[in-house]
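Only heavy atoms go into these numbers, but all of them, side chains included; no hydrogens, no water, no symmetry mates. All of these numbers come straight from a predicted model, not from anything done at the bench. Chain letters run A, B, ... following the sequence lines, proteins first and then strands; every chain starts at 1.
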Amino acid sequence: MSDDKKLTTRADDFSAWYNEVVLRSELADYSPVKGSMVIRPNGYGIWERMQRALDDMFKASGHVNAYFPLFIPQSFIAKEAKHVEGFAPELAIVTHGGGKELEEPLVVRPTSETIIYHMYAKWVQSYRDLPILINQWANVVRWEMRTRLFLRTLEFLWQEGHTAHATHDEAEAEAITILGIYRKFAEEWMAMPVLTGLKSDNERFAGALRTYCIEAMMQDRKALQAGTSHNLGQNFSKAFDLKFQTETGTEEFAWNTSWGVSTRMVGGLVMTHGDDSGIVTPPRLAPIEVVIVPIWKTNDDRAGMVEAAMKLKAELTDWTGRGESDRLRVHVDARDGIRSGAKYYEWEMRGVPLRLELGAKDLEKQSVFSARRDTRVKAPIPRAGAPAAVADLLKTIQSDLFAAALARREAATIRGVTEYGQFKEIMAGDGGFVYAGWNGDPAVEARVKEETKATIRVIPDAEFR
RNA sequence: CGGGGCGUAGCUUAGCCCGGUAGAGCGCCUGCUUCGGGAGCAGGAGGUCGCAGGUUCAAAUCCUGUCGCCCCGACCA
């Protein structure tokens with residue numbers, strides 16, 4: 001038995017723990033291209049569930065999906081001054097195609113504002129054409145100097161919403177609505193508490209009027225920007241001549257918003273809930289919610305136990321107590337030649353929220369033995385009514401994960417810091433979220449960052465203060 | 001782009017100082033016995049030691065160059 005089965009612990013080296021856990025739970029792997037990664041089925045399954053949940057919420061709030069191309073004429077990026085300033089350093093640029101040098105280089109989208117508002121300008125004439133509420137699921141490329149699995153890679157997957165409105169207030173309301181959707185998603189699906197609020201000018205999106213964000217705290221007490229929603233004002237509509245005629249016959253520039261969340265959230269999920277045994281997936285996002293491990297003594301017992309496990313699985317997946325379209329997601333691990341204990345470790349690494357063990361003893365007692373991934377609590381569940389009990393337990397796990405994450409964040413949050421000395425002390429120590437006053441001066445922000453490495457993550461909404 | 005570390009089997013690595021048959025653990029394959037928390041025994045497959053030069057009778061080991069990766073910092077969804 002060698003030590004390489006043990007993970008580096010979070011306390012020992014959080015960053016090493018994160019890398020190991022992502023690789024060993026088979027969420028992702030390094031690709032041959034430096035800084036980019038392969039998202040493996042375990043990781044992509046989580047992303048697919050994230051996509052579905054978000055997409056449903058976008059649709060429910062009146063948005064539709066479309067797809068815009070990967071390549072953007074280089075000149076487009078330059079049309080908005082702040083935008084080009086922000087993105088120019090990290091662009092991937094295609095200069096050749098079909099064996100010939102291109103007349104105008106093409107930028108691989110780092111984000112799609114430019115090409116989308118160019119198209120909107122073509123589609124909008126009248127106020128009657130507004131609002132446009134389009135989202136797209138896409139990949140984007142940003143040539144980052146330092147990358148990390150899921151958190152910052154050259155290419156990543158995301159959704160980007162781009163809307164056009166007739167008035168500032170309508171655009172502002174849209175940006176806020178989306179922020180609310182992101183928050184709801186983070187809390188109710190990811191079980192990840194977030195602060196909502198406004199970014200400082202320094203941290204604002206390149207080309208935006210205002211940037212709102214959701215900020216989460218990871219287990220290393222560091223912040224993770226988990227999603228942003230921008231009120232773009234008329235910056236892009238002016239750059240791309242996105243005009244419309246009003247009811248009274250005047251001509252005005254449209255008001256835009258853009259907003260996005262990315263596969264970074266998978267990384268956030270890992271760093272929010274993971275432990276020294278692997279990742280912990282909140283049930284609502286788990287591709288597999290329940291793994292059944294049949295246990296047998298001899299080869300002769302095996303067939304019977306596997307059959308019993310399959311029968312239990314059928315009972316669970318046939319159950320519609322959560323709704324026709326939200327069946328329990330169950331997997332039976334009937335692999336032979338691997339001992340039960342080894343299976344337990346493997347599914348724990350992969351973060352399956354609930355394990356059910358089924359052996360001769362359980363059959364005899366008409367029960368199944370359950371083991372929660374989050375708390376490690378083990379308890380028998382009566383076989384009769386098992387589906388409802390399992391669903392109930394999953395619900396409890398979901399809410400317990402949120403409560404635990406919230407408690408961790410609050411324990412690492414200090415409010416009402418008014419002395420800079422105290423602030424510096426906290427930052428030199430364990431760090432965490434510190435609520436402190438700010439006079440709005442970017443010079444002060446820069447100095448604090450220089451002296452303590454702390455950044456203004458968010459100017460939090462009132463309820464968080 | 002700066003600083004640090006590392007390239008030896010699928011993975012983790014020993015060997016390098018002091019040149020002389022390339023080793024281990026995990027994983028993989030076969031068989032038997034096992035099976036309620038990472039199984040045991042037996043047999044087996046798998047290596048141009050990152051790449052290119054050089055020194056030498058002889059290079060994983062010494063020298064020069066080069067490429068790549070990881071980590072930390074500046075920059076960032």
Side-chain angles (χ1 to χ4, degrees), chain A residues 1-8 13-16 18-20 23-24 29-36 85-91 109-112 138-160 182 199 202-206 211 213-216 223-230 258-268 277-278 293-302 305 334-349 355-365 368-369 371 376 378 380 449-450 453 455:
Chain A
M1 210 47 35
S2 87
D3 269 354
D4 61 12
K5 289 193 171 173
K6 292 252 188 296
L7 274 176
T8 298
D13 184 343
F14 192 80
S15 172
Y18 175 80
N19 285 326
E20 282 176 36
L23 294 170
R24 289 173 59 178
D29 202 355
Y30 292 109
S31 94
V33 177
K34 176 188 162 76
S36 56
E85 192 185 305
F87 283 106
E90 51 189 49
L91 294 178
R109 64 181 165 217
T111 178
S112 303
N139 59 338
V140 288
V141 169
R142 297 181 187 178
W143 218 264
E144 303 288 353
M145 301 183 193
R146 225 189 109 208
T147 56
R148 292 196 69 195
L149 294 166
F150 284 113
L151 304 174
R152 200 184 306 103
T153 45
L154 293 196
E155 178 188 357
F156 57 92
L157 305 183
W158 75 347
Q159 59 71 214
E160 47 179 327
Y182 285 164
K199 282 288 191 191
N202 261 327
E203 305 271 339
R204 195 203 298 140
F205 175 75
T211 289
C213 65
I214 54 172
E215 290 284 330
L224 184 80
Q225 177 175 309
T228 47
S229 180
H230 316 292
S258 71
W259 28 275
V261 297
S262 71
T263 38
R264 167 181 280 185
M265 289 198 302
V266 177
S277 300
V293 180
I295 294 157
W296 55 85
K297 290 268 184 228
T298 69
N299 238 337
D300 294 340
D301 296 341
R302 183 172 178 262
M305 291 316 306
R335 287 176 298 173
D336 200 3
I338 300 177
R339 300 171 76 116
S340 315
K343 292 180 183 178
Y344 301 163
Y345 280 100
E346 190 178 317
W347 293 111
E348 279 164 11
M349 180 64 73
R355 180 177 76 238
L356 296 179
E357 302 167 18
L358 192 64
K361 286 187 222 163
D362 306 291
L363 285 188
E364 200 178 300
K365 286 185 280 188
V368 295
F369 198 68
R376 306 301 184 102
K378 297 175 185 180
K449 184 176 176 182
E450 170 75 29
K453 288 185 182 164
T455 56

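- Nearest to the side chain of A/M145, among B/A74, B/G37, B/C76, sits B/A74.
- Straight-line distance between the C1' atoms of B/A22 and B/C75: roughly 44 Å, to the nearest whole Å.
- Rounded to whole Å, the separation between the P atoms of B/U55 and B/A60 comes to 16 Å.
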Check the interface with nucleotides 30-34 of chain B: list each N/O to N/O pair with the protein under 3.5 Å, or write none.
none

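- Between the side chain of A/E348 and the base of B/G37, a donor-acceptor pair under 3.5 Å is found.
- Nucleotides B/A24 and B/A9 are separated by 14 Å at their P atoms, to the nearest Å.
- Stacking annotation: A/Y344 is not stacked on the base of B/G37 (requires ring centroids less than 5.5 angstrom apart and an interplanar angle below 30 degrees).
- For the C1' atom pair drawn from B/C76 and B/G38, the interatomic distance equals 40 Å after rounding to whole Å.
- Annotation: cation-pi geometry not satisfied between A/R264 and A/F156 (NZ/CZ under 6.0 angstrom from ring centroid, within 45° of ring axis).
- Distances were taken from every side-chain heavy atom of A/F156 (C-beta onward) to each of B/A39, B/G36, B/A77; the shortest belongs to B/A77.
- When the C1' atom is used for both B/G10 and B/G53, the distance is 31 Å, rounded to whole Å.
- The residue A/R302 sits apart from the nucleic acid: no heavy atom pair falls under 4.0 Å.
- As rounded to the nearest Å, B/U21 and B/C16 have P atoms that lie 13 Å from one another.
- Remark on RNA chain B: of its neighbouring residues A/K453 and A/A371, the 5'-side contact belongs to A/A371, judged by nearest-heavy-atom nucleotide.
- Residue-to-nucleotide contacts include no donor-acceptor pair under 3.5 Å from the side chain of A/K343 to the base of B/G36.
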query: So what's the dot-bracket for RNA chain B: Watson-Crick or G-U pairs under 3.5 Å, [ ] if a pair crosses, | if it pairs off-strand?
result: ((((((((.[[[[.)....(..]]]].((((((.....)))))).....[[[[[..)....]]]]])))))))....
Tabulate atom names and distances for all N/O pairs under 3.5 angstrom spanning the protein and nucleotides 69-71 of chain B.
residue : atom : partner : partner atom : Å
B/C69   : OP1  : A/K34   : N            : 3.3
B/C71   : OP1  : A/N19   : ND2          : 2.9

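- A donor-acceptor contact under 3.5 Å links the side chain of A/R152 to the base of B/C76.
- Distance check on atom C1': B/C35 versus B/C69 gives 41 Å, rounded to whole Å.
- Of the P atoms belonging to B/G23 and B/G47, the separation is 13 Å, rounded to the nearest Å.
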